[in-house]
Each structure stands twice: as structure tokens, then as C-alpha cells.
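Contents: one structure, followed by commentary.
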Amino acid sequence: MSVEDKRKLTEKQLAVLESEMQKHKKSVGVAYLLWFFFGSLGIHKFYLGNTKTGLLYLILGIFGWVSIFTGGGFALLNGSSTGGFFAILGTICLAVLGILLLIDLFTIPSQIQKSYQDAENEIISHLLSMSESEEHSSQ
């Protein structure tokens, strides 16, 4: 959405927009704290509103750690290669997760800005469509 669409809003709609945007504000500091302490669980992604990516991080993290611990332990107890396979698979999952977390380290501020902008565009679009439907119903 552009600035032009924002200019189409009435004063009342601008007040509604401002009120709604207060609900969508995210803190960079909080996002980095969540990234630091709970990054392998994707909690910072859920905080930023990226549910699908958060689920991916959660699955990679849980599967990676469980595979390493159970696979490695299984290999030691049985002496089989099956456990080693799971340990390697878990390591790969955690390596991919580590790369994604490293990318997040440098992109969290831009992710917050994009999330805020997307929310603002959605609200403006909704407000404009509501005003258009009110105009059509009054005619």
C-alpha cells in the first residue's frame, strides 16, 4: 500500500489506524532476547507473527535434539548404524537451524519493520474497503 492510500483515510479512520497499529508494535530488544534464549524453538518467530516459520524452527529444533540424543544413545547401546543415522540426521537439522538463526541475528529489525508495514497495509485496505461499502450502501 502506498502513502496515497493512507491519504484517502478520514481523520476518524486515521485514529482507528493508529489505535490498531499500537497492538502490532514489536520490540527489537524482546525479539533478540527470545532469539537468544529460545531461538531453537522458534519463539522469536511466533512473537514476530511468523507462525509457519516458527513451526519450522520448532520442528527442526526438537527433531534435531531428540535425534542426536536418542540416536547417539541408541548407537552406543546397540552398536548398530541406525542410531548413527539418526544422530547425523539430527546434526543436519540443527545445522540448518543454526544457519537460519544466524540469518535472523542480522535481520530481526527488518523483519519487525516488514511485519509492522504488512499489518498497516492490511488495516488500511480494510478501512478503505469498509468506507467503499458504506458509500455503496448509502446510494
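- For the atom pair D5 CG and E120 CD, the distance stands at 10.5 Å (nearest 0.5 Å).
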Where do E20 and K23 land on the salt bridge (Lys or Arg N to Asp or Glu O under 4.0 Å) test, with the steps shown first?
CA-CA 5 Å; E20 288 296 313; K23 298 175 188 175; 3.1 Å; yes
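- Between the S129 side chain and the H126 main chain, a donor and an acceptor come within less than 3.5 Å of each other.
- Separation of atoms CG (D118) and CD1 (I123) is listed at 11.0 Å; rounding is to 0.5 Å.
- Side-chain contact, Q22 with E18: a donor N or O sits under 3.5 Å from an acceptor N or O.
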T51 vs F46, side chain to side chain contact (heavy atoms under 4.5 Å, CB included): CA-CA, chis, key distance, verdict
CA-CA 5 Å; T51 307; F46 291 112; 3.9 Å; yes
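- Both V30 and I43 are assigned to one and the same hydrophobic cluster, defined by single-linkage of ILVMFWY side chains at heavy-atom distances under 4.5 Å.
- The two residues A31 and I112 come nearest to each other via the heavy atoms CB-CD1, 4.1 Å.
- Expressed to the nearest 0.5 Å, how far CG of L127 lies from CD of E122 amounts to 11.0 Å.
- Residue pairs satisfying the salt bridge (charged side-chain N to carboxylate O under 4.0 Å, His left out) criterion with at least one member in residues 96-110, sequence neighbours excluded, are listed as follows: K45-D104.
- Annotation: side chain to side chain contact (heavy atoms under 4.5 Å, CB included) contacts of A119 (sequence neighbours excluded): M21, H24.
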Under 3.5 Å, which donor-acceptor pairs do the side chains of residues 84-93 form with other protein atoms, sequence neighbours left out?
{"from": "T91", "atom 1": "OG1", "to": "A87", "atom 2": "O", "distance (Å)": "2.8"}

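- Residues P109 and Y32 come closest through the heavy atom pair CD-OH, 3.3 Å.
- Linking ILVMFWY residues whenever their side-chain heavy atoms come closer than 4.5 Å, directly or via other members, places L34 and F106 in the same cluster.
- Looking only at distances, no side-chain donor or acceptor of T107 sits under 3.5 Å from a matching main-chain atom of S110.
- Criterion: ILVMFWY side-chain heavy atoms under 4.5 Å apart, direct or through other members. Under it, I103 and V96 are not part of a common hydrophobic cluster.
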Given K25 and Y116, is the side chain to side chain contact (heavy atoms under 4.5 Å, CB included) satisfied, shown in steps?
CA-CA 7 Å; K25 283 195 176 182; Y116 189 81; 3.9 Å; yes
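- No continuous path of hydrophobic side-chain contacts links L101 to I59 [ILVMFWY only; heavy atoms under 4.5 Å].
- For the atom pair CG of L56 and CG of L97, the computed distance is 8.0 Å after rounding to the nearest 0.5 Å.
- Taking CG of L94 as the start and OG of S40 as the end, the distance is 8.0 Å to the nearest 0.5 Å.
- Atom CG of L105 is separated from atom CH2 of W35 by 4.5 Å, given to the nearest 0.5 angstrom.
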CA sep, side-chain torsions, deciding dist, call: K114, L48, side chain to side chain contact (heavy atoms under 4.5 Å, CB included):
CA-CA 10 Å; K114 183 184 180 314; L48 297 175; over 6 Å; no
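- No donor-acceptor pair closer than 3.5 Å links the side chain of K6 to the backbone N or O of I124.
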